[in-house]
Amino acid sequence: MSQSLAFDSVADILAGRKTGQAVRLRGWVHRARSAGKMAFIVLRDGSGVVQCTIKGGVADDASLEAAKGALIESSVSLLEGTVAADERAPGGFEVKATKFTLHQKAEPFPLRGEQGTEFELDKRHLWLRSTELSAILRVKHRMYKAIHDFYAAEGFHQVDPSVITTNACEGGSTLFTFEYFGQTAYLSQSAQMYLEGCIFGMPKVYSITPSFRAEKSRTTKHLTEFHHLEAEYAWWDAEDSRVHQEKLVTYVAHTLAKDCDGDLRLLKQDPARLLKIGTFVATEGGQDEAGKRFPRVDYAWCVDELKRQGFHVNYGDDFGVPHEKALTEGRVNPMFICDWPAKIKAFYMAEKPGTDRVFCSDLMAPDGFGEIIGGSQRSEDIESMKRRLIAQWHAMGESTDAEDRKQFAHERKAIEDRLAKAAGGKAPSGEAVDAESLRPYEWYFDLRRYGSVPHSGFGLGIERLLRWFTGQEHIRDMLPYPRTPARAYP
Ligand code: 4AD
Ligand code: MG
C-alpha cells in the first residue's frame, strides 16, 4: 500500500473536526462484531477508538468480506468512509465505510482479560495495546517534558552520569553486581555521588537515569529497575531543597492536570485532584509552617503520632507501609518527614550537630502511595562518613538477613585475599580490611578536599510519582516492560 496516502486520525473525528467529511483511517481492530450483511469494527489508531460500520450495498463485497473475517488486533485500513455524528456510537461518532481492507488477519488474540496477572505479564508485549497502559505512558511522556521545562526555567543543567559504577551509594545489599573486564562493578542505585562531583563546575545539575535495586521486597511500589530524577545543587541546605522539591512536584501535577485531562479521565482520575496539590492546607500536620506548600513534620513527631494511633513503634525504627499509610491518610498534599536518626539513613547525609539525627527528608505521598522523594544535605566531614560507612558495612555482616551476611562475607574475603596477596601471604588486620573497604570512595572524599561547599540534593522515583498521579494499583504499570524479582521477560 502506498505510504504517501494521507490518513486521518481518530482523535480528530472524536473532536468533531471531521463530521460529514470523507476520511481514510488505518489501525487495529479493537473490537469486532457482525450480523448478516453488516460488520461493526471498533478501530484503534493510537489516537483513539472509533466505530466503523461496513454495510453490504454501501461497501463493496470484498470490503464486507474482509470486515467480517477480521479478528481483533488484525491490522486494517479504511480507505474510504464518511464520518457521521451518532449518539449511539461510543464517543458519539461513526465512520460509514465504503472501502475497507485487511493488512494482516490476526490469529486469535491470546489475551481475553480474565486470565490473571501472570499470564498478562507473560504477554506484556501484547498487553501494551490496552488503552489504559497507553494512557499511563502518554502521561509519563508529558511528565518528562514538564520536568525538563521546569529545570530549564530554574537554570539547571542536565548531565548524564554513568550507571556502571564501583560505588554503593545506598548500601551494599541491594546492588546488582557484575564483572566488568576483570573487576567487580555494580548497576547504579543512584547518580547522586556523580552529580555531587558535577556541582563544582555547574552548581545546579540534574539527571534522569535508570537506577537499579536488587530489592527482595515484592510490593506494589518496588521495581528492580526504575527511573530516577536526581538533582544536586551547591550552597543549598536541606530546607532550600524542600522548597525546590515542592515547587517541582506542584508544577508537574498542575501541568498534567491541564495537559492530560483526557488520559487522566480515561484512568478514572479527576484532574482537579492534581490541581489541589501545592495548595497549602494549614491543618494538615504536626509542624505546619504558613507559606510552605507541603507540611513538614519531624521524625520524632511521627513516632509519637503513630504511638498515639496504637502502633508498636520505637524511636529509631524505620517506617513500614502501615505506618506510612496511617501518617498520610486523607491528605491532599504529600508531607515531608524530616531529620531522621542517622543510624537508619545513608552515610552521606550531614549530621545534625549535638543530636543523633541527620539533615534529610522523605517526601511521603498521601494514602499510602509511599515515599516519592528521598533528599538530604550532604556531609562535608570525611571522618564522619568513613565511620558511618564502616559501621553500615559491619551492620550488614550482623544482619538478620542471610543474603546480607553472605554479601558482607564475600566482600570481606575478597579484600582480605587482595591484601594478603600484596603482603606476600600475610593476613591483614581487621582495621586494614576496613580501611581498604573505603578505597572506592576516595574520589568522593576528594570533593570535600578541594573547595567543599554545603550542598543538598534528592532523588525522585519517576514511576512512584506517576503511580500516585494516575492513582494506579501497581507500579509495574508505569513501565512498558517492568522488572521485578520474578520477571525479566519479555
Ligand atoms: O530514597 P532513595 O533510596 O534515595 C537515593 O537513592 C538518594 N541517593 C537520592 C539522592 O539523594 N540523589 O531513592 C530515591 C527515590 C525514592 O524516594 C523512591 O521514589 C525511588 O527513588 N525508589 C524506587 N522506586 C521504585 N522502585 C524502587 N525499588 C525504588 N527505590 C527507590
Ligand atoms: Mg529513601
Side-chain angles (χ1 to χ4, degrees), residues 10 25-35 39-52 54 66-76 89-91 102-141 210 213-227 260 262-269 321 367-370 461-464 466-490:
V10 170
L25 297 172
R26 57 183 165 186
W28 295 267
V29 175
H30 198 60
R31 277 193 299 276
R33 169 166 74 84
S34 61
F40 297 93
I41 300 279
V42 176
L43 182 146
R44 183 186 77 238
D45 75 342
S47 77
V49 296
V50 70
Q51 177 171 294
C52 305
I54 300 94
K68 286 179 80 164
L71 297 182
I72 63 163
E73 294 306 327
S74 295
S75 42
V76 298
L102 271 179
H103 175 67
Q104 191 250 332
K105 182 173 168 174
E107 296 176 28
F109 199 59
L111 287 166
R112 290 189 298 275
E114 79 292 339
Q115 295 130 307
T117 305
E118 284 311 307
F119 183 82
E120 286 172 348
L121 285 168
D122 283 340
K123 301 277 183 238
R124 186 70 172 188
H125 51 297
L126 301 178
W127 195 19
L128 283 175
R129 303 167 184 213
S130 91
T131 42
E132 286 80 11
L133 269 184
S134 300
I136 293 168
L137 297 181
R138 279 194 298 265
V139 176
K140 190 179 195 182
H141 168 82
R213 304 282 165 103
E215 300 267 4
K216 289 148 217 148
S217 35
R218 294 170 193 217
T219 75
T220 55
K221 54 179 200 180
H222 286 93
L223 294 161
T224 51
E225 179 186 16
F226 68 99
H227 293 82
C260 301
D263 283 329
L264 289 169
R265 286 184 200 280
L266 191 149
L267 296 167
K268 302 189 173 61
Q269 299 302 307
V321 175
D367 300 325
F369 277 98
I462 293 284
E463 286 81 12
R464 291 263 181 105
L466 184 67
R467 174 174 169 247
W468 172 42
F469 284 172
T470 57
Q472 298 298 296
E473 178 71 24
H474 207 295
I475 195 165
R476 64 172 168 245
D477 290 331
M478 307 301 110
L479 283 164
Y481 302 99
R483 294 291 176 251
T484 56
R487 186 164 290 279
Y489 171 93

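Only heavy atoms go into these numbers, but all of them, side chains included; no hydrogens, no water, no symmetry mates. Computed from a predicted structure; not experimentally measured.
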Discussion item. If you count heavy atoms of other groups shown closer than 6.0 angstrom to NZ of Lys105, is the number above 12?
Written reply: no
Worksheet item: Side chains of Arg213 and His222: does their closest heavy-atom pair fall under 4.5 Å?
Response: no
Worksheet item: Glu73 versus Arg44: any side-chain heavy-atom pair under 4.5 Å?
Response: yes
Worksheet item: Going from CZ on Arg138 to CD1 on Ile136, what distance comes out if it is rounded to the nearest 0.5 angstrom?
Response: 10.5 Å
Discussion item. Using the rule given for side chain to side chain contact (heavy atoms under 4.5 Å, CB included), can you reason through Trp127 versus Asp477, listing the C-alpha separation, both sets of side-chain angles and the distance that settles it, and then say yes or no?
Written reply: CA-CA 11 Å; Trp127 195 19; Asp477 290 331; 4.2 Å; yes
Discussion item. Within the structure provided, determine whether Leu71 and Glu107 are in side-chain contact (heavy-atom separation under 4.5 Å).
Written reply: no
Response to the item:
Interatomic distance, CD@Glu225 vs OH@Tyr481, rounded to 0.5 Å, equals 13.0 Å
Response to the item:
Rounding to 0.5 Å, atoms OG1 (Thr470) and CD (Glu463) come to a distance of 11.0 Å
Practice prompt. For residues Thr220 and Arg467, report the shortest heavy-atom separation together with the two atoms involved.
Written response: OG1-NH2, 3.4 Å
Worksheet item: Nearest 0.5 Å, what's the CD1-CZ distance between Ile41 and Arg33?
Response: 10.5 Å
Worksheet entry | Nearest-0.5 Å distance, OG of residue Ser130 to CG of residue Leu137 | 8.5 Å
Worksheet, complete the sentence: Correct closest heavy-atom pair for Ile72 and His30 would be CG2-O, 3.8 Å
Fill in: Stepwise side chain to side chain contact (heavy atoms under 4.5 Å, CB included) test for Arg26 and Asp45
CA-CA 6 Å; Arg26 57 183 165 186; Asp45 75 342; over 6 Å; no
Discussion item. Contact between Glu114 and Glu120 at the side-chain level, heavy atoms closer than 4.5 Å - yes or no?
Written reply: no
Discussion item. Please give me the minimum heavy-atom distance between Lys221 and Gly370, naming the atom from each residue.
Written reply: NZ-CA, 3.9 Å
Worksheet entry | Candidate pair Leu223 and Arg483, rule side chain to side chain contact (heavy atoms under 4.5 Å, CB included), full reasoning | CA-CA 6 Å; Leu223 294 161; Arg483 294 291 176 251; 6.0 Å; no
Practice prompt. Output, in order, the C-alpha distance, side-chain angles, deciding distance and verdict of side chain to side chain contact (heavy atoms under 4.5 Å, CB included) for Lys123 and Gln115.
Written response: CA-CA 11 Å; Lys123 301 277 183 238; Gln115 295 130 307; over 6 Å; no
Worksheet item: Any idea which heavy atoms bring Glu132 and Leu266 closest together, and the distance?
Response: CA-CD2, 4.0 Å
Discussion item. If you define the side chain from C-beta out and look only at heavy atoms, does anything of Leu479 sit under 4.5 Å from Arg476?
Written reply: no
Discussion item. A side-chain contact here means heavy atoms from C-beta on lying under 4.5 Å apart; do Leu121 and Thr484 qualify?
Written reply: no
Worksheet item: Is any side-chain heavy atom of Pro485 less than 4.5 Å from a side-chain heavy atom of Arg218?
Response: yes
Worksheet item: Does Phe40 offer a backbone N or O that forms a donor-acceptor pair with the side chain of Gln51 under 3.5 Å?
Response: no
Worksheet entry | Exam field: side chain Thr224 to backbone Ala214, donor-acceptor pair closer than 3.5 Å | no
Fill in: Approximate separation, where rounding is to 0.5 Å, of Ile475 CD1 and Trp468 CH2
14.0 Å
Item to complete: Without swapping roles, check the side chain of Lys140 against the backbone of Met478 for a donor-acceptor pair under 3.5 Å.
Response: yes
Worksheet item: Would you find more than 12 non-hydrogen atoms of other residues, nucleotides or ligands less than 6.0 Å from His141 atom NE2?
Response: no
Fill in: Side chains of Glu215 and Ser217, donor plus acceptor under 3.5 Å
yes
Practice prompt. Please check if atom CZ in Arg265 has more than 12 non-hydrogen atoms from other residues, nucleotides or ligands closer than 6.0 Å.
Written response: yes
Item to complete: State whether Glu118 and Arg487 are salt-bridged, where the test is any N-O pair (Lys NZ or Arg NE/NH1/NH2 against Asp/Glu carboxylate O) under 4.0 Å.
Response: yes
Worksheet item: Hey, does Pro90 have a side-chain heavy atom less than 4.5 Å from the side chain of Val49?
Response: no
Response to the item:
Residues Ala70 and Ala32: closest non-hydrogen pair is O-CB, 3.7 Å
